[in-house]
Amino acid sequence: MVNDCIFCKIAAGSIPARLAYQDDQLVAFYDLNPQAPTHILVIPRRHLPGLAEAEPGDQALLGHLLLVTRRIAEQEGIAASGFRVVINTHADAGQSVPHLHAHILGGRRLGWPPG
Ligand code: DGP
């Protein structure tokens, strides 16, 4: 837990969020500023600043996270119609919260390439 990290606080339950999924390693919650009809963030409970800071020892966690995004897409009813998983990493990608998070986006046709 990093004291000034908003996502650590959401994982700990000290900042409220509408949860979509949780287990012993991950928490998923609806994005405050949704960019699609379904927009959910999946984070590890343990503070990890981002994908660029992940290490070989995080392999199982990252694999679990990816499979959970699919599970949540199924739960939300967007697995068949299509969904996108995005991990913004560092400034050029627009990462604004330095705690690893995967966006799950769906429920409409998503443009490509992204802006
Ligand atoms: P990124 O730009 O990839 O770092 O995405 C950060 C996302 O986090 C952004 O879409 C808005 C969301 N967000 C930021 N603060 C909060 C919060 O307190 N609650 C929720 N539910 N989402 C938040």
Worksheet entry | Over all atoms of both residues, closest heavy-atom pair of G50 and L100 | C-CD1, 3.7 Å
Worksheet, complete the sentence: Here the gap from L62 atom CG to L51 atom CG, rounded to the nearest 0.5 Å, amounts to 6.5 Å
Worksheet item: Should V86 and L110 be counted in the same cluster of Ile, Leu, Val, Met, Phe, Trp and Tyr side chains packed under 4.5 Å apart?
Response: yes
Worksheet, complete the sentence: dist L48:CG -> D58:CG (nearest 0.5 Å) comes out at 5.0 Å
Discussion item. Would you say the ring centers of H99 and H101 fall short of 6.0 Å from each other?
Written reply: no
Practice prompt. Decide yes or no on side chain to side chain donor-acceptor pair (under 3.5 Å) for Q25 and R46, but give the supporting numbers first.
Written response: CA-CA 7 Å; Q25 298 177 74; R46 175 169 63 81; over 6 Å; no
Worksheet item: Can you tell me how far the CD atom of Q35 sits from the NE2 atom of H103, to the nearest 0.5 Å?
Response: 9.0 Å
Worksheet entry | Candidate pair E76 and R71, rule side-chain contact (heavy atoms from CB on, under 4.5 Å), full reasoning | CA-CA 9 Å; E76 296 292 317; R71 175 174 168 165; over 6 Å; no
Worksheet item: Do T38 side-chain atoms and A36 backbone N/O form a donor-acceptor pair below 3.5 Å?
Response: no
Fill in: Straight-line distance of L41 CG to I104 CD1, nearest 0.5 Å
8.5 Å
Fill in: Atom pair CZ (R18) and CG (L32), whose distance is rounded to the nearest 0.5 Å
12.5 Å
Worksheet item: Would F83 and L26 show up in the same hydrophobic cluster when neighbours are defined by side-chain heavy atoms closer than 4.5 Å?
Response: yes
Worksheet item: Are E53 and H47 linked by a side-chain donor-acceptor pair shorter than 3.5 Å?
Response: no
Discussion item. Count I, L, V, M, F, W, Y as connected when their side-chain heavy atoms are under 4.5 Å apart, and connections chain through other members. Are F29 and Y21 then in the same cluster?
Written reply: no
Worksheet item: Do V2 and D4 have side chains that get closer than 4.5 Å, going by heavy atoms?
Response: yes
Fill in: Closest non-hydrogen atom pair, A52 against H90
CB-CE1, 3.5 Å
Worksheet, complete the sentence: Shortest non-hydrogen pair, G111 vs R84, comes out as O-NH1, 2.9 Å
Worksheet item: If you look at every heavy atom in N88 and G94, which pair is closest and at what distance?
Response: CB-C, 4.3 Å
Worksheet item: Out of curiosity, does V27 fall in the hydrophobic cluster containing V97 (side-chain heavy atoms, cut-off under 4.5 Å, transitive links)?
Response: yes
Worksheet item: In the single-linkage hydrophobic clustering (I, L, V, M, F, W, Y; side-chain heavy atoms under 4.5 Å), do I78 and L66 co-cluster?
Response: yes
Worksheet item: Looking only at heavy atoms, which two atoms of P37 and G107 are closest? And how far apart?
Response: CG-O, 3.4 Å
Worksheet item: Rounded to the nearest 0.5 Å, how far apart are CG of L61 and CZ of R45?
Response: 12.0 Å
Discussion item. Using the ring centroid of each side chain, check whether H39 and Y30 are separated by less than 6.0 Å.
Written reply: no
Discussion item. Does H64 form a side-chain contact (heavy atoms from CB on, under 4.5 Å) with D23? I'd like the steps, not just the answer.
Written reply: CA-CA 11 Å; H64 179 53; D23 63 27; 2.7 Å; yes
